[in-house]
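As structure tokens, the structure follows; a few thoughts come after it.
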Amino acid sequence: MSIYDSLNDMQQKAVYQTEGPLLILAGAGSGKTRVLTHRIAYLMEEKGVNPWNIMAITFTNKAAKEMRERVDQLIGYGSESVWVSTFHSTCVRILRRFIDRLGYDNNFTIYDTDDQKTVMKEVCKRLDVDTKIYKEKNLLGQISKAKNEMISAEEFYANSASDFRQRKVAEVYMEYEKRMRANNALDFDDLLLKTVQLLENDEQVLAYYQDRFLYIMVDEYQDTNTVQFKFVSLLARKNRNLCVVGDDDQSIYKFRGANIRNIWDFEKTYEEAVVIKLEQNYRSTQNILDAANSVIAKNTERKEKRLWTENGKGELIDFHHFDNGYEEAEYVAYDISKKVRKGQRRYKDCAILYRTNAQSRMFEERFIAENIPYKIVGGVNFYGRKEIKDILAYLKTIDNGRDDVAVKRIINVPKRGIGLASLSKVQDYADGRGIGFYDALKEAEEVPGLGRATAKITPFVTMIQKYRSKLGLVSLTDLLDEILEETGYVKELELEDTDEARARIENIDELISKLATYVEQEETPTLGEFLEEVALVADIDSLEEDSDYVVLMTLHSAKGLEFPNVYLAGMEDGLFPSFMTITSDDPMEIEEERRLCYVGITRAMEELHMSSARMRMVRGETQYNKISRFVREIPSDLFQHEIEKEKAKPEEKVGSYQVAKQAFRSKPMVGKQFTVTKAEKLSYVEGDKVNHRMFGIGQVLNITEGGRDYEVTVEFEKVGIKKMFASFAKLEKMS
DNA sequence: CAGCCATATCTTTTT
DNA sequence: GATATGGCTG
């Protein structure tokens, strides 16, 4: 009796296939982590492979941690030497050691999205880029895309000669790179990109890692992008023992550069590859799998798989159509507390999954009212909070004096009376001398025109220098305490005496204990390493098994998780699938959305609920959405109740109630609203066909005269009924 | 220079 | 509806 006997035939085959390229197509819930962990165990125990010659790469820290724990349980020795980590931390480890060969300093800092934005703002200012036309976020998106495709700033520039806009973006890209380098900082994309550059340009380093990682395993392969693909290929080129695990039906990160072709073309890239399909599902009931299968079957391009299970049929799917989002939240809250009260479920058995983070708010409000413990994953990341970023910026400044973004963030926090004018003088001085911002601060008295501000800057510099000299002498926790004490950061919040300030203090306390935990864990804790760890955590990593709360998160965050009882909320056309994908010309977009739905359904083990709302507030405007097409793709005999047919004439639904409510609401504002531009007369009337630049063609159902503007209700062919202000909507009448 | 108020934009998803 | 940004004033 060996540990491998508990695996099914296909799983065993995957475990025993240790040599050469291997593609494991693992359907949802088919035990792929089991296979990977057993495979690692098998390599060590039966094949005598040294643990440090094995590498397993995942996307999240949570997955990495889980894998390591399970290998530990399986073999109980040597597992700590197996290299199990995420793409990003793997790269950081490599770069910390060798990035000096690319001309960077080895103690580079990692910039998150916020920091990138700050840099981008400066870039735009410097290059005189009109951020009304070229949005910072958009520019960063283009740069990120280029980096994911391994296009350097220089190449981008060379390719942009013909297009004015592209040329502008190229200039921004170059300046952005220049600043990142000056700050000795890398963004998330750089971590991968620089590592690949290093491996490509430095034979020594490449050979070192190729000989180190003799067996490579990659989890969630369907979500790898071009750089990640390149990274893995380079490492595996010599020994070719590359095992990738994934499910093309769960590829949901295209927007982040993931290339589903990587998994589709694996057999072309590695001609000798062995392919193994895992289709037996151990997670869900047959009904849930049937629903998932029928939805995903609508996709045209995919590797055929059909999940089956030995579990019973189980319960039917529960679908509800509510009038609005409040009722939806109310029902879910009620249903969960009922089940907990009856002892059928614990809170942690239940998860609410939605398309957009914004949807979490209503559930949150309801759960607070009903006293249901909950945890929201995603949204504003803990490390994205203002107070946390401020304090981390202090630590970063102390750790790496070249991190201008960090210095600028805190130089006037708490208020020291150092304003923008002074800062730009310092910046000019720094630019003129070709030195960093912080170094310029050190020479404040040399900076022309600073005047009185010098006296405010000097104490700040002295303080930072003091802490810097203390590094390594006092413990990190003491250092942080001193900083908080000396700057008066917490004291200021205490004086504020608001709920918000108290929440911020709590967050700071949590950061303190995180630092303390880190210091305890590590043999030789360093500030730099702590900052790095912090930079690479995702929110999902914080999910704890042992606490009992309902989990709320986006469908994206839910990938890889499972819950006995799942609620898929907001199943509406326009929300899920989103307008963007409905109106897109590219049919692949809706397919990606459908895969997301497939991911959602397959999270459920025993019970699956779905719900839609007829009316929903989205960014301050009311939308009337139809039931999601995905719901209708599920055979009706899988539902507990019959789902209403689509209304032929949806006009009734808008009805008099809506008009009356609208008139009522706009009345008190009438007086002053007349000053606002209001079209004298609209070019269309009820019943006309109109065109909207986003939503396409539709028919005008209703026009209401509000105080400020006409409110027009239109039923669009693609996205359903929308209510909009005439002056914003810019509807064009069609003949 | 800091605090207040008006406006604009957001909503797809995140390592 | 909520938040980030920009402009204005004290």
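Residue numbers begin at 1 in each chain, while the letters A, B, ... track the order of the sequences. Note that the coordinates shown come from a computational prediction; the quantities given were computed from them, not determined experimentally.
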Please say whether the positively charged group of Lys194(A), taken as NZ for Lys or CZ for Arg, lies over the ring of Tyr104(A), i.e. under 6.0 angstrom from the six-membered ring centre and within 45 degrees of the axis. no

How is Lys137(A) classified with respect to the nucleic acid when contacts are heavy atoms under 4.0 Å: base, sugar-phosphate, or nothing? sugar-phosphate

dT14(B) pyrimidine/purine six-ring stacking with Tyr253(A), under 5.5 Å and 30°: no

Would you measure the distance from the C1' atom in dT5(C) across to the matching atom in dT12(B) and give it in whole Å? 23 Å

Taking dT11(B) as the reference, what is the distance to dG6(C) when you measure between their C1' atoms (whole Å, please)? 23 Å

Atom CD of Gln116(A) to atom C1' of dT14(B): distance rounded to whole Å? 12 Å

Between dA2(B) atom P and Ile411(A) atom CD1, what is the distance in whole Å? 12 Å

Exactly one of Leu193(A), Val227(A), Leu192(A) should register a side chain to side chain contact (heavy atoms under 4.5 Å, CB included) with Cys91(A). Which one does? Leu192(A)

Between [options], which nucleotide gets closest to the side-chain atoms of [X]?
X	options	result
Lys121(A)	dT15(B), dT5(C), dT14(B)	dT5(C)
His556(A)	dC1(B), dT15(B), dT13(B)	dT13(B)
His88(A)	dT15(B), dC1(B), dT13(B)	dT15(B)

Looking only at heavy atoms, what is the nearest atom pair of Val405(A) and Val119(A), with distance? CG2-CG2, 3.5 Å

